[in-house]
There are 2 protein chains.
Amino acid sequence: MINLSYTEENYLKSIYHLSKGGKLDVSTNAIADYQKTKAASVTDMMKKLASKNVVDYQKYKGVNLSEKGKKEALVVIRKHRLWEVFLVEKMKFNWDEVHDVAEQLEHIKSPLLIKRLEEFLGYPKYDPHGDPIPDENGAYKAKPQVPINEVEIGQEGIVVAVKDSSSPFLQYLDKIGTYIGAKIKVMDKVNFDGSNEILIDNKRTISISKQVSENILISES
Amino acid sequence: MINLSYTEENYLKSIYHLSKGGKLDVSTNAIADYQKTKAASVTDMMKKLASKNVVDYQKYKGVNLSEKGKKEALVVIRKHRLWEVFLVEKMKFNWDEVHDVAEQLEHIKSPLLIKRLEEFLGYPKYDPHGDPIPDENGAYKAKPQVPINEVEIGQEGIVVAVKDSSSPFLQYLDKIGTYIGAKIKVMDKVNFDGSNEILIDNKRTISISKQVSENILISES
DNA sequence: TACATAATTTAGATTAATCTAAAAATATTT
DNA sequence: AAATATTTTTAGATTAATCTAAATTATGTA
Ligand SMILES: [Mn+2]
Ligand SMILES: [Mn+2]
Ligand SMILES: [Mn+2]
Ligand SMILES: [Mn+2]
């Protein structure tokens, strides 16, 4: 496709995520917050990306991805998630160790490598955090999923993804024995602080905070 | 170690190669030619690298690597060659397709990844072009090797490495059926143009130019 | 040794990405 | 609808890496 810099690719990826896949317009400040840069830098970059026709941008009105930009963003996301699978499946990384390295690897330019990597990994559909991997055409489908805090008492399901992929959160999940594929039953909900009592794999019952319960996604069964 | 930019790492690697592993001093122009930049750019960078204590540099006297710089260069070379093995062994790349991708991958920063990659590949000692892979401490040993043009008529050996790793050269070697491990016997040498008649794997006898014979390295047996 | 040639460094610009501070536009609240 | 607050853009700098052209230093040769 076009030649985008490392930085430009990261902006497109941010816009993709913030716009929920190109659906909403994204504000300058939202991008600045997300990337931990300043609004002025974002404005400059939006002009540049607009001139390359990868975003639609109008002063004071926010941006969104063009079709071309969406494709580019999806390629980067695809690469990120395939590399994460590689790191966990082949390099024996823990799921909390992969993100930072994948942030680097996602910018490697070699369509052949990605094709072969995907084949080597057996065409995985999800990354180690349960996020779907776009195919060559950018198509993907997320598993049906609900955050635990929205599940009724007595209901159960399987953990299919995590909303937060940060190391501290994933390490906490390791500690409480929660992982993609774990069976969760909601035993109780505390109105006062939104915390939840959950039964994990029919073994242990523990209490998780509201914040944690919002970030564990299960498929109800 | 220290934090070096992509660009700084490439300069250290160039100096390492041009100085034959830190033995000789390297001139500004030599670096500029090798990297296809301009001498003025090299001078600027040498000042910067000197201030980071990775090279010893004195105006008009050339540069060489400090101990620290040598270590950094060897880490990059180690990564480059391990990735090349990965691409050929696991990603089914041809040996002429790996260099450009390895130029990108060598800058990925993750000591854990390199450790695991090396283990995954079974601790290879040589890359797809026969070049030795430094270990964690930077130690390596090249196989004894002579370019074909320095071999006497009647002598034979095994191809252990190529001096030139460019795609056109490697594709030419593919065409004439030469590869790392091939058996070569020098049948004749033409004084006029320095070309050589060689017998490959006891099968075909062909004529190769002086330039080609200089770039195929064999171990005499 | 002196002159000519070659190599190297310096001076001054340029481009990409970033920032701070100030100005302008938009949104919210009386 | 004003006034106020928030958001966004512009103006002007900065840093890394690069370049061209000019100045300087070193080298080779007569
Ligand atoms: Mn990630
Ligand atoms: Mn992920
Ligand atoms: Mn190479
Ligand atoms: Mn190689």
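Here the structure is a predicted model, which is why all the values come from computation and not from measurement. Chain A is the first sequence line, chain B the second, and so forth, proteins listed ahead of strands; every chain is numbered from 1.
- Summarising the geometry, the separation between NZ on Lys38(A) and P on dT7(D) is reported as 15 Å, rounded to the nearest angstrom.
- Protein atom CE of Met45(A) is 14 Å distant from nucleotide atom P of dT9(D), rounded to whole Å.
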Tell me, with the steps shown, if Ser66(B) and Asn53(B) meet side-chain hydrogen bond (donor to acceptor under 3.5 Å, both in side chains). CA-CA 7 Å; Ser66(B) 69; Asn53(B) 296 310; over 6 Å; no
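- For Thr37(A), no side-chain nitrogen or oxygen approaches OP1 or OP2 of dT18(C) to under 4.0 Å.
- One interatomic measurement links the two molecules: NZ of Lys52(B) to P of dA16(D), which rounds to 8 Å at whole-angstrom precision.
- Put simply, Tyr11(A) has a side-chain N or O that comes within less than 4.0 Å of OP1 or OP2 on dT18(C).
- Contact check on Glu9(A) versus Lys109(A) returns a salt bridge, with a Lys/Arg side-chain nitrogen under 4.0 Å from an Asp/Glu carboxylate oxygen.
- When heavy atoms are screened at a 4.0 angstrom cut-off, Thr7(B) is found touching the sugar-phosphate backbone but no base atom.
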Show your working on side-chain hydrogen bond (donor to acceptor under 3.5 Å, both in side chains) between Ser27(A) and Asn29(A) and close with a plain yes or no. CA-CA 5 Å; Ser27(A) 75; Asn29(A) 271 350; over 6 Å; no
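- In this structure, Asn10(B) places its CG atom 15 Å from C1' of dA16(D), rounding to the nearest Å.
- Annotation: cation-pi geometry satisfied between Lys90(B) and Phe120(B) (NZ/CZ under 6.0 angstrom from ring centroid, within 45° of ring axis).
- Within the cation-pi definition used here (under 6.0 Å to the ring centroid, within 45° of the axis), Lys70(B) does not qualify as a partner of Tyr16(B).
- Aromatic ring centres of His99(A) and His129(A): separated by at least 6.0 Å.
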So if I define the base as every atom that isn't primed, P, OP1 or OP2, how would nucleotides 6-12 of chain C read as a B/S/- string at a heavy-atom cutoff under 4.0 Å? -SBBB--
